[in-house]
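Before any comments, here is the structure.
Below, chains carry the letters A, B, ... as their sequence lines are ordered, and counting in each starts from 1. The model shown is predicted, which means the values in this text are computed figures rather than measured ones.
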Amino acid sequence: MQHKKVIELLQSEPSIYEINVKGWVRSYRSNRFIAINDGSTIKNLQCVVDFERFDESLLKRITIGAAISVTGVLIESLGQGQAVEVQVNTIEILGDADTEEVKLTILSPKRHTLEILREQAHLRVRTNTFSAVMRVRSKLSFAIHEYFQNNGFFYVNTPIITGSDAEGAGEMFKVTALDLEKVPKNEDGSINFKEDFFGKETNLTVSGQLEAETFAMALGQVYTFGPTFRAENSNTSRHLAEFWMIEPEVAFNDLAANMDLAEDFIKYVIQYALDNCKDDLEFLQERLAQEDKTKPEAERSGMLLQDKLSFVLENHFKRVSYTEAIDILKECKPNKKKQFKYPIEAWGTDLQSEHERFLVEKHFKCPVILFDYPAKIKAFYMRLNEDKKTVRAMDILFPGIGEIVGGSQREERYDVLKQKIVEMGIDEKELWWYLETRKFGTAVHSGFGLGFERLVLFVTGMSNIRDVIPYPRTPLNAEF
RNA sequence: UCCUCCUUAGCUCAGUUGGUUAGAGCAUCUGACUGUUAAUCAGAGGGUCCAAAGUUCGAGUCUUUGAGGGGGAGCCA
């Protein structure tokens, strides 16, 4: 007898042969209908028992959350709502779930808030919403590899423990094997890292970009896809202390080619999700529509999830230079009516969330790529333009998410790069290996970083980044 | 880190100018039910009112401090 997954059975024709299916009980109605789910799909399989043929003591143990094994025959359903169901011959309880204890958890069959689900993250993946999000996350992850592998990219595993603190992408987590009770000190009172494991100060990576660049100068087209750590005290629905980032890096690509790549890549993975996660996206769409109804009129998105995704696919991302964006913002109604908390006055300051949201959600009403930012507000490695004031940076802004991609054409000129490093007060000795890429066959090259969880947020329509990663790491939270 | 709101049953919440025994819905339990779809119907049990201190004859309610959480901002992906 064959052990079948729920997803296989739901797609099968009725048959006279006995099958076996294992899963967790989602509901047991009317002393007759067991809905079981095994994670293979969001849908449940209805198993029908004739209770007169079973021990009452066995049936009592069919409770929500219990793991059971069922054998029976797949027949055409006698009821509405499903095409097939299992006529049960035998039931084995694999793992009981005490109802008095289950009722204290999110497994109890009622609505729960996302906040409560977060407190029981080890159980939340048993809910429809989370299993859907996690299946979509897995598919997106695969689509990312598929896109790059199909387009001649090589997957690079850049180090997670890093010795360089030069990227400047944020506060870093320190990595040490020193006994924190008795830290070795130098004569001047500073910590003597020579006695530490690596003989120098080390941190968890905030970006694999610099290392990826060195690989792009040999393999041509590379990408990283790994965990990234930022010790920023960020308490928002868009930030995690530990998140996953995709960083392609391509030799001979200028900024325009970089933007083309980012747009093509994002559209590919979204299309992949639409094609391969239909049931989950339908559920998430319904969930989002229900959530929308509880919101005041002004905050409603008014668009179904799958329509939102299709909209991104069908429209070119609007490409706007920083300077053009400032002009638009200066002349816009909210600025003139002084509705911005930070009014737009002069060229050169960074855009605030409210400005980015205005451009994406109100003005262009589609994803926006902002490029050619003032050099002063961007990182040292970005390619300086001929005007000497701006750099070839680009940020992709998405509705509801904000910045989903940040990238640039890299400064390939040795002298210019070295001067930038000095100007920004970075220790050039730390970056000797990075500078050497500009000495030996330097070339124009570009890349970007895409926050994986922000992509999952957009595709699933969830609103808090803590709800699209299995076990979120945020300030004051490292449970599980 | 800043601003703001919240914390009462397992969950979501109500709780009057400070007053006697703190309520509802869902969930759970008991019973009924052989075609249910968040099953339905009848009944029952369930409380450190976030913590500490204070004001008061009397605090779920007022004051102070602290903790945790939501939303927004900054930093960014």
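- At a cut-off of 3.5 angstrom, counting only N and O atoms as typed in the model, there is a donor on one side and an acceptor on the other between the side-chain of A:His239 and the base of B:C76.
- Using cut-offs of 30° and 60° for the angle between ring planes, the A:Tyr155 and A:His145 rings count as perpendicular.
- The side chain of A:Gln352 has B:A73 as its nearest neighbour among B:A77, B:G35, B:A73.
- When only modelled atom types and interatomic distance are considered, A:Thr90 and A:Thr71 share a side-chain donor-acceptor pair under 3.5 Å.
- Summarising the base pairing, B:A73 is matched to B:U1 through a Watson-Crick or G-U wobble pair whose two defining distances lie under 3.5 Å.
- Backbone-only engagement by A:Arg357 is indicated by non-hydrogen atom pairs under 4.0 Å involving sugar-phosphate atoms exclusively.
- Among the nucleotides B:U12, B:G10, B:A73, the one closest to the side chain of A:Arg238 is B:A73.
- For A:Ser234 and B:C75, a side-chain-to-base donor-acceptor distance below 3.5 Å is present, hydrogens and geometry of angles not being considered.
- Of the listed nucleotides (B:G69, B:A27, B:U36), B:A27 has the atom at the smallest distance from the side chain of A:Ser108.
- Between A:Asn464 and B:G71, a side-chain N or O to OP1/OP2 separation shorter than 4.0 Å is present.
- Separating the P atom of B:A51 from that of B:G10 is a span of 13 Å, rounded to the nearest Å.
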Inset, instruction - Can you check each nucleotide of nucleotides 38-48 of chain B against protein heavy atoms at under 4.0 Å and return B for base, S for sugar-phosphate only, - for none, in 5' to 3' order? - result: -B-----B---
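- Among the nucleotides B:U36, B:C76, B:C11, the one closest to the side chain of A:His112 is B:C11.
- Evaluation of A:Phe243 against the base of B:A77 yields a stacking contact (centre distance < 5.5 Å, interplanar angle < 30°).
- Counted by atom type alone, A:Thr228 and A:Trp244 present zero donor-acceptor pairs between their side chains at under 3.5 Å.
- Taking only side-chain nitrogens and oxygens, A:Ser353 comes nearer than 4.0 Å to OP1 or OP2 of B:G74.
- At a threshold of 4.0 angstrom between heavy atoms, the contacts of A:Thr228 with the nucleic acid are absent.
- At the heavy-atom level, A:Arg466 lies under 4.0 Å from the strands shown only through sugar-phosphate atoms.
- Base pairing of B:A51 is made with B:U65, judged by Watson-Crick or G-U wobble geometry with both donor-acceptor distances under 3.5 Å.
- If you check distances only, the side chain of A:Arg32 never reaches the base of B:U36 with a donor-acceptor pair under 3.5 Å.
- Under a cutoff of 6.0 Å and an axis angle of 45°, A:Lys378 and A:Tyr373 form a cation-pi pair.
- Remark: B:G18 base-pairs with no nucleotide in the shown strands. Criterion, Watson-Crick or G-U wobble with two distances under 3.5 Å.
- Closest approach to the A:Thr99 side chain among B:G35, B:U28, B:A73 is made by B:U28 (side chain taken as heavy atoms from C-beta onward).
- Distances shown here put every side-chain N or O of A:Arg454 at or beyond 4.0 Å from the OP1 or OP2 atom of B:C76.
- Between the C1' atoms of B:A67 and B:A52, the separation comes to 11 Å (whole Å).
- Distance from the side chain of A:Gln82 is smallest to B:U36 among B:G74, B:U36, B:G71.
- The distance between atom CD1 of A:Ile144 and atom C1' of B:A77, rounded to the nearest whole Å, is 13 Å.
- Side-chain N/O atoms of A:Gln80 and base N/O atoms of B:U36 include no donor-acceptor pair closer than 3.5 Å.
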Inset, instruction - Decide side chain to side chain donor-acceptor pair (under 3.5 Å) for A:Asn89 and A:Glu18; before the verdict, give the C-alpha distance in whole Å, the side-chain angles of both, and the deciding distance to 0.1 Å. - result: CA-CA 9 Å; A:Asn89 292 333; A:Glu18 201 172 49; 2.7 Å; yes
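- Taking the P atom of each, B:C62 and B:C5 are spaced 14 Å apart, rounded to whole Å.
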